[in-house]
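What follows is one structure encoded as structure tokens, with my remarks underneath.
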Protein chains: 2
Amino acid sequence: MDRQRTDKNEETAAQGRPTLKTLAFMTGLGVTTVSRALKDAPEIGAETRRRVQLVAKQIGYRPNRAGVRLRTGRTNVISLVLNTDREIMSFVSDIIYGVSEVLAETPYHLIVTPYSRSQDPMEPIRYLVETGSADGVIISRTQPNDPRARYMLEHGMPFATHGRTDMGLVHPYHDFDNHVFAMEAVRRLASMGRRKLALLSPPPGLTYYGHTLNGFADALSEVGASEIPFNAVSIDHSIEQIRSRTAQVMRRENRPDGFVSSAAAATLAIVAGIEDAGLKLGRDVDVVSKQSSDLLHLFRRELLVVNENFRLAGSDLARSVLGWIGGAAPGSLQRLVAASDVQAFSQPVLV
Amino acid sequence: MDRQRTDKNEETAAQGRPTLKTLAFMTGLGVTTVSRALKDAPEIGAETRRRVQLVAKQIGYRPNRAGVRLRTGRTNVISLVLNTDREIMSFVSDIIYGVSEVLAETPYHLIVTPYSRSQDPMEPIRYLVETGSADGVIISRTQPNDPRARYMLEHGMPFATHGRTDMGLVHPYHDFDNHVFAMEAVRRLASMGRRKLALLSPPPGLTYYGHTLNGFADALSEVGASEIPFNAVSIDHSIEQIRSRTAQVMRRENRPDGFVSSAAAATLAIVAGIEDAGLKLGRDVDVVSKQSSDLLHLFRRELLVVNENFRLAGSDLARSVLGWIGGAAPGSLQRLVAASDVQAFSQPVLV
DNA sequence: TTGGCAATCTGTAACGTTTCAGTGTATTGA
DNA sequence: TCAATACACTGAAACGTTACAGATTGCCAA
């Protein structure tokens, strides 16, 4: 009996990666005690606890994720659900960086769960919930009535949304105040004497489409400017579509003298369209655009910009999900980021 | 005995997610048989196999990842290792999309493993290998003598690199032919009468830095043009640094009349610098740039571009790692993508 | 008839972890 | 002195899967 036990432990100790059994053998304790000692359980003697933790650190013990997951059901995984064709480029990497930054200090891994044109957006969510592949989920392209959020709430899956919902259900979110953005943009254009404004909106259906539209409309009436309809396209459309539609609109009699654009890439297309029509940015028309990296001023110095920080969004979303998992009230994990002021180009300090 | 068994199975069947035990109970077979039947093992009767697979599909059975992982050591995970501050923006999302696209059709999940300024690039690699957190790894920012590749090769971890190494070791890679890119760029500039060329290179240290430099030099001597040194900056530098360095160089007596740029964002800075110096793109100087999305022509129509497809890189890298895991020879999983021709702006068809 | 063999199927153990239900020993209160 | 109790620790079982080593059956050759 004693011999067999010794054999078994030596066998274990000889293996590559240390496990609880290895630690138990080295400390002369039972596996249970070691497990408890590592998580600071109260019924373990202070000295034993220290000893175990010391040995664990020395030999570089790391709990086996599969073992923990099988036993507890906890995956230590946060899933970021992404639309792989619609999402605007640099946006995604920033969010991923932000999320990673937060998860790096935790035992959590980030898994990217994609879905594409053909698929129901619910599919990856159902997969995650049904298979229990993650402890928490981050979604974007949030809708006012978002079936994904409702589903996860019903199934007890912690999540955070990039953008708000409007279903009377409470859950963590991170959102940029697009209402204020649109208002400030309009006010700025108005202050420059622009009176006929067009909006290149977010994709209809998403929550911030409404916020943007309302802000735009509110400010229009505030400053007494009027809207030139431009709603056949949104920032989800292709560069070429936006460009040609802009050119079309700019060739009309009653053309806009100001644009508000919800995305930087789309702004490039708007400007191209303006110039296709033979008009000049800054003289015939001004454009206020959101951007997530500071590049638009290089493009045309006449552009007016408002910065939206997606890296911040990512880290915020990650913290929110972790908070919910950790037992915080979902209602306390909501954040609406104020839109910064509209910025014009200022000559950089040359070295 | 019989009663106990029945109880146990009924208990199981009542649970949320179906397991092999559930299937065993429903089919009246043993757990082992069910497991074998699902993976088309030869010693299972044809009818039994069909029956088990039918029931499994009906009740939506999905193998528990933790169970499989614990038992077999296989994680069904591919890890994409990313530098979270240096990587150029849109580049990353494209790669992720490409990888996802391939993994979506497999049982593999994609986990993003970040590392940042402060860290040793080896750290995430060691973590992955030591903890066995992934079955395969994708790395970028590859160096001629890359310790990460060597380490993974030594430890039997399948991987693929974005960019080649030059250590005499064979492993899968995906690379864009930057030698040809640089040559074609120089040739194009030469054909336009440009004779004094500057190169905004990739970061020194990375393998494709050398490829680019060599291609640039080779073509210079071929066409009899000369180089204006511009090697105090690389595409890893900040937009502002590149911009001011460019302006500096352009104000010199012996200024370049042509640029070759290895990245689109950097090209924006180069053009800004050129204009800061009071010169005009297309008249005083021409610029050939790589780009990964078709936006540079919107920026300045005089720009000449070569497209590099990072989404393709991603899917290629994913396929390579899977191939290696699946037993293919690593030497057969290498791909060098030819650089496409230099493209000038052509008026788009307006709708 | 019998031994052998192929064709199917099955129970048990193990992967590493945590939880449950203890076990043994010293300390306390009366 | 004895029971009660706090303290420190422990083995066994379970999570879901696969591999190993059988078990049962029918069939065929000798």
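Here is how names work: the chains are called A, B, and so on, in the same order as the sequence lines, proteins then strands, and each is numbered from 1. Computed over heavy atoms, backbone and side chain alike; hydrogens, waters and symmetry mates excluded.
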Next item on the list: Return the minimal non-hydrogen interatomic distance between A:Arg17 and A:Arg62, and the atom names on each side.
Entry: NH1-O, 3.1 Å
Notebook entry, point to check: Using a heavy-atom distance cut-off of less than 4.0 Å, which residues of residues 45-54 of chain B contact DNA chain C?
Noted result: B:Gly45, B:Thr48
Going by atom types only, do [X] and [Y] share a side-chain donor-acceptor pair under 3.5 Å?
X        : Y        : value
B:Arg150 : B:Asn145 : yes
B:Gln53  : B:Asp40  : yes
B:Thr84  : B:Ser116 : no
A:His171 : A:Thr165 : yes

Quick one: [X] [atom1] to [N] [atom2], roughly how many Å, whole number?
X       : N      : atom1 : atom2 : result
B:Arg69 : C:dA14 : CZ    : C1'   : 18 Å
A:Asn76 : C:dG16 : CG    : C1'   : 14 Å
A:Leu38 : C:dG16 : CG    : C1'   : 13 Å
A:Leu70 : C:dG16 : CG    : P     : 12 Å
B:Glu43 : C:dC9  : CD    : P     : 10 Å
B:Leu23 : C:dC9  : CG    : C1'   : 16 Å
A:Arg62 : C:dT17 : CZ    : P     : 13 Å

Next item on the list: List the protein contact pattern of nucleotides 18-25 of chain D with one symbol per nucleotide (5' to 3'): B for base contact, S for sugar-phosphate-only contact, - for none; contact means a heavy-atom distance under 4.0 Å.
Entry: BBB-----
Please work out whether the ring planes of [X] and [Y] are parallel, tilted or perpendicular, with thresholds of 30° and 60°.
X        : Y        : result
B:Trp324 : B:Phe159 : tilted
A:His162 : A:His174 : tilted
B:His109 : A:Tyr127 : perpendicular

